[in-house]
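Report on one structure; see the data block that follows.
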Amino acid sequence: MLWNFWNAWKIRKGIKKPIIFIENAGGCICTKSIFNGKTPIKWCFRVESVAPEDNGWRFIGKSDSESYINIAENNVFLDFNTLANIDPSILMLYNMPVGTDLYVVKDKGKIRFFKTGTKEEIEIDYSSL
């Protein structure tokens, strides 16, 4: 079952209804620091799903240390659309395959994604949005 953090988030943002960008998008795991708005998304990777409702996406924040993310309570499983309401840039990644491993650079109003191992910038297919 997906954890529904929407009510807490909408109170914080003053929003009444979430935007459903992708129907049946499934859930993803992100750190609480991202969800709580304390740090932006820095790393995105996709693994094999561990449950039918899991789409395999994992998101780690810019200020998240290894010791922080290794504590289970610092990670949340939530609907992909809930996270996309917080950071819509992740919508560009949704259809990327298992094994995708990226880091995000946000600079001067631009968002760019790079492969973690090679530092190669990836091309985003905006036609799938």
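Residue numbers run from 1 in the order of the sequence given.
- Listed by chain and number, the residues in a ring pair (Phe, Tyr, Trp, His ring centres under 6.0 Å) with Phe45 amount to none (sequence neighbours excluded).
- Distance check, rounded to the nearest 0.5 Å: OG of Ser89 to CZ of Arg112 gives 14.0 Å.
- Tracing side-chain contacts under 4.5 Å through hydrophobic residues (I, L, V, M, F, W, Y), one reaches Val104 starting from Trp57; they form part of the same cluster.
- Counting all heavy atoms, side chain and backbone alike, Thr39 lies closest to Gly61 at CG2-CA, 3.6 Å.
- Under a hydrophobic-cluster definition in which Ile, Leu, Val, Met, Phe, Trp and Tyr are linked whenever side-chain heavy atoms come within less than 4.5 Å, directly or via other members, Val76 and Ile60 are assigned to different clusters.
- Looking only at side-chain heavy atoms (C-beta outward), Arg46 and Asn55 come within less than 4.5 Å of each other.
- Between Pro40 and Asp87 there is no side-chain heavy-atom pair separated by less than 4.5 Å.
- Counting only heavy atoms from C-beta outward, the side chains of Phe77 and Cys28 never approach each other to under 4.5 Å.
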(request) Please test Ser63 against Lys42 for side chain to side chain contact (heavy atoms under 4.5 Å, CB included), starting from the C-alpha separation and ending with a verdict. (result) CA-CA 8 Å; Ser63 65; Lys42 181 65 177 180; over 6 Å; no
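- Once rounded to the nearest 0.5 Å, the distance linking CZ of Phe35 with CD1 of Ile41 reads 12.5 Å.
- Note on Ile86: it clusters hydrophobically with Tyr94, by side-chain heavy-atom contacts below 4.5 Å among ILVMFWY residues.
- Under the 4.5 Å side-chain criterion, counting only non-hydrogen atoms from C-beta, Thr100 is in contact with Leu102.
- One hydrophobic cluster holds both Leu91 and Ile111 under the rule that ILVMFWY side chains link at heavy-atom gaps under 4.5 Å.
- We find the CD1-CZ distance between Ile29 and Arg58 to be 3.5 Å, quoted to the nearest 0.5 Å.
- For the pair Tyr68/Lys32, a side-chain contact is recorded, criterion being any heavy-atom separation below 4.5 Å from C-beta on.
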(message) Set out, in order, the CA-CA distance, both residues' side-chain angles and the distance that settles side chain to side chain contact (heavy atoms under 4.5 Å, CB included) for Cys30 and Asn75, then state yes or no.
(response) CA-CA 6 Å; Cys30 78; Asn75 299 281; over 6 Å; no
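- In this structure the side chain of Trp43 never reaches within 4.5 angstrom of the side chain of Asp64, judged on heavy atoms.
- Proximity of Asp101 to Lys115: side-chain heavy atoms (C-beta onward) are nowhere separated by under 4.5 Å.
- Partners of Glu23 by salt bridge (charged side-chain N to carboxylate O under 4.0 Å, His left out), not counting sequence neighbours: none found.
- Aromatic ring pairs are classed by plane angle as parallel below 30°, tilted from 30° to 60° and perpendicular above 60°; the pair Phe59 and Phe80 is tilted.
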(request) Could you check Asn74 against Ile69 for side chain to side chain contact (heavy atoms under 4.5 Å, CB included), going step by step and ending with a plain yes or no? (result) CA-CA 6 Å; Asn74 291 335; Ile69 63 174; over 6 Å; no
(message) Working note: Leu83 + Ile34, criterion side chain to side chain contact (heavy atoms under 4.5 Å, CB included); need CA distance, chi angles, decisive distance, verdict.
(response) CA-CA 9 Å; Leu83 188 56; Ile34 295 170; 3.8 Å; yes
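- Taking hydrophobic clusters as Ile, Leu, Val, Met, Phe, Trp and Tyr residues chained together by side-chain heavy-atom distances below 4.5 Å, Ile90 does not share a cluster with Tyr103.
- Put simply, the side chain of Ile19 does not reach to within 4.5 Å of the side chain of Asn81, judged on heavy atoms.
- Of all heavy-atom pairs spanning Lys119 and Phe114, the tightest one is O-CD2, 3.3 Å.
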